[in-house]
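Encoded as structure tokens, the structure appears first; notes follow it.
Sequential numbering from 1 along the given sequence is applied to the chain's residues.
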Amino acid sequence: MKKAFIFLATGFEEVEAVGTIDLLRRGNIETTIVSITGEYSVKGAHGIGIMADALFEEVNFTDADALILPGGMPGSNNLNAFEPLKAQLMKQYESGKIVAAICAAPLVLGGLGILHGRKATCYPSFEPTLKGAIVSSEPVEVDEHVITGKGPGFVFNFGLALIEALQGKNVAQEVASGLLLA
């Protein structure tokens with residue numbers, strides 16, 4: 001079974017986190033919610049608390065197929081400030097495995113140089129943080145093993161792109177159909 005890890009920091013965008021988790025699990029992808037805060041309960045940007053499955057320091061990421069960052073503010077800045085996560089993202093990227101971010105969170109990938117020369121999208125006004133990227137206004141960009149999404153209104157597009165990358169087009173279409181998106 002494919003394995004994905006989605007990271008929560010205080011101030012994450014709830015729709016992006018929960019929507020992505022739900023879609024991945026519908027696509028039969030083992031999805032672990034990881035808190036970088038040192039606490040299992042993490043509060044989102046709109047005051048909604050989510051209970052993580054694990055703390056960052058408890059997880060072995062060696063078998064990760066995808067590492068995923070939801071956006072939101074100040075969540076994206078909090079993700080960007082957590083050096084152990086950035087080191088793990090670089091390992092994942094350098095191994096050719098999927099790294100993904102939506103909304104403001106692509107700023108983390110931009111700061112790491114992961115987006116250099118790649119198509120990427122983000123929440124409007126965060127384009128300057130996509131260092132070296134070929135900036136797009138598309139809902140989702142998939143450039144090899146780097147996936148970026150524009151924002152909360154495109155969480156279904158983002159989640160389905162991840163499912164397609166991990167499980168194939170047929171599974172993504174089945175999930176979309178079950179959600180009445182296709």
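Side-chain atoms of E14 come within 3.5 Å of backbone N or O of I48 as a donor-acceptor pair. Side chain of T31 to backbone of I29: a donor-acceptor contact under 3.5 angstrom is found. Put simply, the side chain of E58 gets close to the backbone of L55: a donor and an acceptor are under 3.5 Å apart. Listed for the H116 side chain is no donor-acceptor partner under 3.5 Å among the backbone atoms of A133. Of the possible polar contacts, one joining the T148 side chain to the T121 backbone as a donor-acceptor pair under 3.5 Å is found.
Taking the side chain as every heavy atom from C-beta outward, I6 and T20 approach each other to under 4.5 Å. Looking at heavy atoms from C-beta onward, E127 lies in side-chain contact with C122 at the 4.5 angstrom threshold.
The stretch residues 69-81 participates, sequence neighbours left out, in no side chain to side chain donor-acceptor pair (under 3.5 Å) pair at all.
Salt bridge D65/K3: absent, no basic N to carboxylate O contact under 4.0 Å. A salt bridge does not link K2 with E30: none of the charged nitrogens is closer than 4.0 Å to a carboxylate oxygen.
Judged by distance alone, the side chains of S136 and E141 do bring a donor and an acceptor atom under 3.5 Å apart.
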Check: residues 163-182 side-chain donor-acceptor pairs under 3.5 Å, at least two apart:
residue, atom, partner, partner atom, Å
Q167, NE2, G27, O, 3.0
Q167, NE2, N28, O, 3.2

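In this structure F61 satisfies the ring-ring contact (aromatic ring centres under 6.0 Å, His included) test together with F5, F7, F56, sequence neighbours excluded.
Placement of V18 and I147 within a single hydrophobic cluster is found when ILVMFWY residues are connected by side-chain heavy-atom separations under 4.5 Å, directly or transitively.
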